[in-house]
There are 2 protein chains.
Amino acid sequence: MLTVEDILHAIEDGGYRATGSRRRLLETLAARGEGFTAEELVGEVRGVGRATVYRTIRLLLRQGLLCKLTLQDGAPRYSLSRVGHHHHVVCVRCGAVRDFRQSVIERILKDLEVGEGSAVVGHRIEVYVVCPGCREAGVATSPTAATG
Amino acid sequence: MLTVEDILHAIEDGGYRATGSRRRLLETLAARGEGFTAEELVGEVRGVGRATVYRTIRLLLRQGLLCKLTLQDGAPRYSLSRVGHHHHVVCVRCGAVRDFRQSVIERILKDLEVGEGSAVVGHRIEVYVVCPGCREAGVATSPTAATG
DNA sequence: AGCATGAAAGATACTCAGTATCAATACTTG
DNA sequence: CAAGTATTGATACTGAGTATCTTTCATGCT
Ligand SMILES: [Zn+2]
Ligand SMILES: [Zn+2]
Ligand SMILES: [Zn+2]
Ligand SMILES: [Zn+2]
């Protein structure tokens with residue numbers, strides 16, 4: 001997992017400035033690490049405005065330093081990125097995020113290109129779970145809703 | 001693919017009424033079929049209010065008659081559902097949607113449960129493409145952005 | 001250290017997607 | 001047809017994010 005300093009360096013390498021606001025934001029963000037909303041950040045980091053929070057998120061997304069993922073209902077959520085292509089396992093209760101990668105799946109999705117006549121330009125995979133902690137604490141989960 | 005009558009019957013079977021607004025909405029929606037936004041529907045169906053369009057969308061989603069999918073940037077899009085669990089291939093240019101299913105992937109994602117200690121409650125897979133039509137008409141595509 | 005310059009920040013207004021409220025209307029059933 | 005409930009429309013509102021515009025900060029130069 002990337003550290004605050006790693007990220008600030010990456011920002012500078014991209015030709016942007018490592019400012020105080022960005023540092024404070026990154027520290028807040030790193031303290032959460034796995035799974036948070038933009039508004040949570042806005043609420044938690046003090047002395048940094050809403051617009052700056054969103055601008056920084058956009059910057060980090062562009063640099064590939066942050067992941068934007070989608071809950072079952074479409075609600076957005078962010079997670080610090082690890083290097084390289086990967087996907088996410090998200091707890092539908094607490095929003096905790098875990099990364100994963102399965103080269104088999106990558107190969108299968110790449111092969112879709114052939115049967116399709118279309119150029120594949122990307123994909124998204126999200127796996128929704130109830131994590132062990134939430135399972136203990138919680139009531140019964142409704143089964144997989146029709147995703148399609 | 002489901003017809004308007006199929007869907008109206010399913011609505012009635014769910015204990016809801018097959019009203020004129022719902023019929024008109026479904027006809028507009030079926031004419032598009034593959035890939036549209038809620039606001040496009042609002043604009044295209046006449047004599048049906050915004051709130052009703054969104055309410056009907058929500059109803060159809062609950063009944064599994066409609067799919068809500070997510071573009072690369074997180075923008076929402078809808079598509080008439082086919083029966084059973086499946087995923088989507090979406091053109092990033094025109095928004096056309098094609099369904100697909102790969103039992104291999106289903107099995108792999110189910111196995112994640114084991115390595116995870118968590119109960120898998122669902123997943124989402126979206127494959128982003130430039131469809132043949134758009135590829136002809138268009139400029140060069142930027143390669144897969146960091147999805148993670 | 002002092003200053004010029006452009007990047008970044010703050011405030012605010014705005015857009016887009018979707019929900020809540022509530023009075024008016026349309027279905028259904030007796 | 002009347003009563004009662006589901007549905008609708010209008011409108012206001014929330015949540016997520018962007019645009020604009022003025023002020024402030026970081027940098028590099030002297
Ligand atoms: Zn992948
Ligand atoms: Zn579908
Ligand atoms: Zn699946
Ligand atoms: Zn990630």
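Basis for what follows: all heavy atoms, side chains included, without hydrogens, waters or symmetry-related copies. The sequence lines fix the lettering, A, B, ..., with proteins before strands; numbering per chain opens at 1. Just so it is clear, the model here is predicted, and its values are computed rather than measured.
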*Would you mind reading off the distance between A:Y16 atom OH and D:dT27 atom P, rounded to a whole angstrom?*
16 Å

*Quick one: does B:D111's side chain have a donor or acceptor within less than 3.5 Å of a partner on B:I108's backbone?*
no

_It should be established whether B:R22 places a side-chain nitrogen or oxygen under 4.0 Å from OP1 or OP2 of nucleotide D:dT8._
yes

*Using a cut-off of 4.0 Å between protein heavy atoms and nucleotide atoms, how would you tag nucleotides 18-30 of chain C 5' to 3' with B, S and -?*
BBBB-----BS--

*Please determine if A:R32 and A:E27 form a salt bridge, counting it only when a charged side-chain N lies under 4.0 Å from a carboxylate O.*
no

*For the helix from C:dA1-D:dT30 to C:dG30-D:dC1, measure the angle between the helix axis at one end and the axis at the other, each built from five pairs, rounding to 10°.*
30°

*Please check if the side chain of A:T52 supplies one atom and the backbone of A:V48 the other of a donor-acceptor pair under 3.5 Å.*
no

*Tell me: CZ of B:R46 to P of D:dG9, nearest whole Å?*
13 Å

*Does A:R124 reach the main-chain N or O of B:Q72 with its side chain, forming a donor-acceptor pair under 3.5 Å?*
yes

*asked:* Tell me if the centroids of the rings in A:H123 and B:H88 come within less than 6.0 Å of each other.
replied: no

*Starting from C1' on D:dA6, measure out to CG on B:L8 and report it in whole angstrom.*
16 Å

*Which part of the nucleic acid, if any, lies within contact of A:G47, taking any heavy atom under 4.0 Å across all strands shown: a base, the sugar-phosphate backbone alone, or nothing?*
sugar-phosphate

*Roughly, in whole Å, what's the span from CZ in B:R24 to P in D:dT7?*
15 Å

*asked:* In this structure, how many angstroms lie between the C1' atom of D:dA16 and the CG atom of B:D73, rounded?
replied: 12 Å

*Decide yes or no on side chain to side chain contact (heavy atoms under 4.5 Å, CB included) for B:V127 and B:V90, but give the supporting numbers first.*
CA-CA 6 Å; B:V127 176; B:V90 201; over 6 Å; no

*For the pair made of CG in B:L71 and C1' in D:dA16, what is the distance, rounded to whole Å?*
16 Å

*Do B:E12 and B:R22 meet the salt-bridge criterion of a basic N to acidic O distance under 4.0 Å?*
no

*Taking the side chain from A:R101 and the backbone from A:H86, do they hold a donor-acceptor pair closer than 3.5 Å?*
no

*Is any NZ, NE, NH1 or NH2 atom of the basic residue among A:E34 and A:R98 found under 4.0 Å from an Asp or Glu carboxylate oxygen of the other?*
no

